[in-house]
Amino acid sequence: MRGYIRGVDALNYRLGRVVMYGIFVLMAILLWSSISKTFFLPTLWTLEMAQFVMVGYYILGGPYSIQLGANVRMDLLYGEWSIRRKAWFDLTTVCFLIFYLCVLLYGAVSSTAYSLGYWKDAPFSYLFGVLIGTEEVGRMERSSSAWRPLMWPIKAVMIVGFFLMLLQCISELFKDVLRLKGHTI
Amino acid sequence: QGTITWRMQTYAGAALAEHVIDPAIEMFNKIAGDRMQIELFYADQLVPTGELFQALQRGTIDAVQSDDDSMASPTEVTVFGGYFPFGSRYSLDVPVLFNQYGLNEIWDEEYSAVGVKHISAGAWDPCHFATKDPIRSLEDLKGKRVFTFPTAGRFMSQFGVVPVNLPWEDIEVALQTGELDGIAWSGITEDYTVGWADVTNYFLTNNISGAWAGSFFANMERWNELPEDLQTLFRVCCDQSHYYRQWWYWGGEANLRVNGTKLELTTIPDEEWATVENAALEFWEEIAAESDVKRRVVDIFKQYNADMLKAGRPYRYT
Amino acid sequence: MHFRAVQGRAASERSHHLMPYELIATLMFSTMMLMLLTGQRVFGAIGFVAVVAALLLWGDRGGYDLGFSAAMKLMKWYPLLTLPMFIFMGYVLSESKIADDLYRMFHVWMGGVRGGLAIGTIGLMVLISAMNGLSVAGMAIGATIALPELLKRGYDKRMVTGVIQAGSSLGILVPPSVVLVLYAMIARQPVGQLWLAGVIPGLMMAALFILYIALRCRINPTLGPALAAEERDIPRAEKMRLLRAGLLPLTIFAVMMVPFVNGWTSLVESSAIGALAAFLAAVFKGRMTREVFENSVRNTLGITCMFMWIILAALAFGAVFDGLGAVKAIESLFTERLNLNPWMILILMQLSFILMGTFLDDTAMLVIVAPLYVPLVGALGFDLIWYGILYTITTQIAYMTPPFGYNLFLMRAMAPPEISLRDIYASITPFVLIMAGALALVMLFPGLALWLPEYVYGN
Ligand code: NA
Ligand code: NA
């Protein structure tokens, strides 16, 4: 359990440390958009690219923000509780959070499978098949803009982000279990 | 026996839906009564328009009103939905192409293959530019950031137009926040109905297509579950909707050009606009070269337009 | 095939008749409240309830998609691109302490008046509000720079705690404002006009705060003693030099707002320009240390993630509400069942917003509840720009009222130990009353909000 916590936390920490500089990428794209519009022809890709960067920024950065404790809680009752009681309640309610993340992940997987041209009911095994080369890629979904970027890369980023968020929340759950066993984290 | 409930999403926002779909659905619900009710949702309400097709296919929503292009349908006919550049001149062209020139059959084949029922196609308004700054020549198009349909945008980008894709409901705000310089998404009726005429100043009378083509679709399983009489009722209400739009737009376009006070009309001279029309023919060839199905559809468009030309007035005034 | 079809229909009918919609809606709210009260992260509580409700309603056909659909919808919500920019701006301003000079300026110029430092703090908050879109930066600057000084000078702790919380809440009313951007998206109203509409009510509210402080300190000078004469003995040249500190926020504000209002740059582009301007200001003032840089970048990620994940969850929740037909239900409740006139409905809405704002996250509230109210407000014939200001003032109140309020959280986290929770709660009462008064004024005199946007955009 401790090994899992250490591994997942380290992974998400490293990723978060990289992703947080995405703010400058976003800024650069938006600045380029205003420069190109003022001095040359407006560019086709800036707005959509900025949207993709934003998605990567907040979804991949999500697990790190959990580590930072940035996600607000209502602490009217919670704030007054003992560490043990907090751990008990967290242990229960984080399972609900994990359920939500599973649903998000399922949606992301099925949407990514769709963006690779798969329309049936087993998106997980299809995507796995694509990875190991037993499944074919079909008609690829493109954004309906004039730039027409492929949609699967950003959807794949979302899969990764939701999955890492899931791992992080399981890590939080394990931490509560350890706390209840009397360990210090 | 419970009431059958369908969820339907249109790609139009609420203001427009009041004309293009609400009356037909109200009619359906009134007639079907306890047997079936359709709950109607507007643009991006339940699912974003980009995800509309997938949601329909999976049954998240049971029926959809949209053009093929806007909902990014994964079929070979997608580019012909919405505004296929210079594909039609009048709104009556669309039902004729579908019912008499064989497009219905092609659409049915294509959508059946992806598990979706294509119910019927109909026409909406022509595609004009409404912009903040006037367009009086092709030169004025250069660098304009415009909300338009994917295929129309792809075509117009050769004239320096910069197509921007945003959620329908955000367009009015985007014109005000400076994200857009104009729209090439509708005729003047919609510009007034939706409120875009309040945030733009000029209307270009040249259009890049005489009529929007779009359809009603249903999830295949849901459709097959319906008793035959309800299927028929649904078809009849779709046809009613097509009919309503025929006169609503046709009358609206003329009325607002003549009596509207919010938009100043501008025109690019015919000789200059011919450049765009000729470019469309090349664009058709480019599209046709992409696949056999597209070739078939382009051939139908060519045949139809040739026939209309031969028929002479009032079909075509050359 | 036939069998599957029959089964499918049975399933879809069952899901529609399993529970009446009102019951589902009630269950959704109560489960969410329970999860919030037991301290789960806000986005988790909202998201869980949303996806479970979707599954209950629409079963395995479509119920699973809704959560993710919201992510795609969120991606297309382009004005949210301004969110990290404004947050970054705020952190650069507070972390780099370029506001120190500003604070000294007010200190020197206002110190001689009774309650002058508190009045100066309100002035400081107004200027900071003009440079960032949330209240976080104002809170941070107020709690770290102003609060210790005020306490040291013998100011009443309850009053100054309230001053900082109330003053920083102006951040969402004085442009730029993230709350108004979100409102603009929901109400489909132009951001530029909304921002301008916030200027006069924001200044008016600041003036009311100042009036209140001045009056109370006049009646009871021990609440805010004037600075001793020797402390005020500063050469005139130095005083003038400090005045220049006020140029910085005005410059940043102008660099961002002028191109936007003139239509040279779009909203999101302007926000990036503002962020760049704040960053460069800190660099040129020599304040952009490694630590400042690190803190700004890291906290921007944290706060942006917090907001985005809440909005992500709230969008799914909102879609379920839409699916339940909640807009029509609310409309019929107010207009048919209660049979109220438009003004009564409006006042009732504001009251319910304030009530909900005390215990709900206001971002979630905006995404979930505003879509229910705004169409009705529009249908009743009210101006939606004006209503945006009413809404924002309500949100300001929500920021400060326990148990759930961002400014309360921040104050608790940042306040020195001599300020107890009781002090913090007690400190807000007069300011909440003033805000309610401002709300009433803007309601009675719509011109307060609408005059400026009409003047600027009118021609
Ligand atoms: Na502000
Ligand atoms: Na509150």
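Below, chain A is the first sequence line, B the second, and so on; all start at residue 1.
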Any chance you could lay out the side chain to side chain contact (heavy atoms under 4.5 Å, CB included) test for A/Tyr114 and B/Gln57, step after step, and finish with the verdict? CA-CA 11 Å; A/Tyr114 177 86; B/Gln57 211 178 26; 3.4 Å; yes

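Atom CZ of A/Arg14 sits in a sparse spot, with 12 or fewer heavy atoms from other residues, nucleotides or ligands closer than 6.0 Å. Within a 6.0 Å sphere centred on CZ of A/Phe163, other residues, nucleotides and ligands contribute 12 heavy atoms or fewer. At most 12 heavy atoms of other shown residues, nucleotides or ligands fall within 6.0 angstrom of atom CD1 in A/Ile83. Counting non-hydrogen atoms of other residues, nucleotides and ligands closer than 6.0 Å to CH2 of B/Trp223 gives a total above 12. More than 12 non-hydrogen atoms from other residues, nucleotides or ligands lie less than 6.0 angstrom from CH2 of A/Trp81. No more than 12 heavy atoms of other residues, nucleotides or ligands sit less than 6.0 Å from atom CZ of A/Phe128.
Taking every heavy atom of both residues into account, B/Thr75 and A/Arg139 meet most closely at O-NH2, 3.2 Å. When every heavy atom of A/Thr43 is checked against every heavy atom of B/Val162, the shortest pair comes out as O-CG1, 4.0 Å. What you find for A/Glu141 and B/Gly50 is that their closest heavy atoms are OE2-O, 4.1 Å. Minimum interatomic distance between B/Glu51 and A/Ser111 (heavy atoms only, all atoms of both residues): OE1-OG, 3.6 Å.
Within the 4.5 Å cutoff, side-chain heavy atoms of A/Ser110 are placed close to those of B/Arg58.
For chain A, the option among B/Gln54, B/Arg154, B/Lys144, B/Arg145 with the highest count of heavy-atom pairs below 4.5 Å is B/Gln54.
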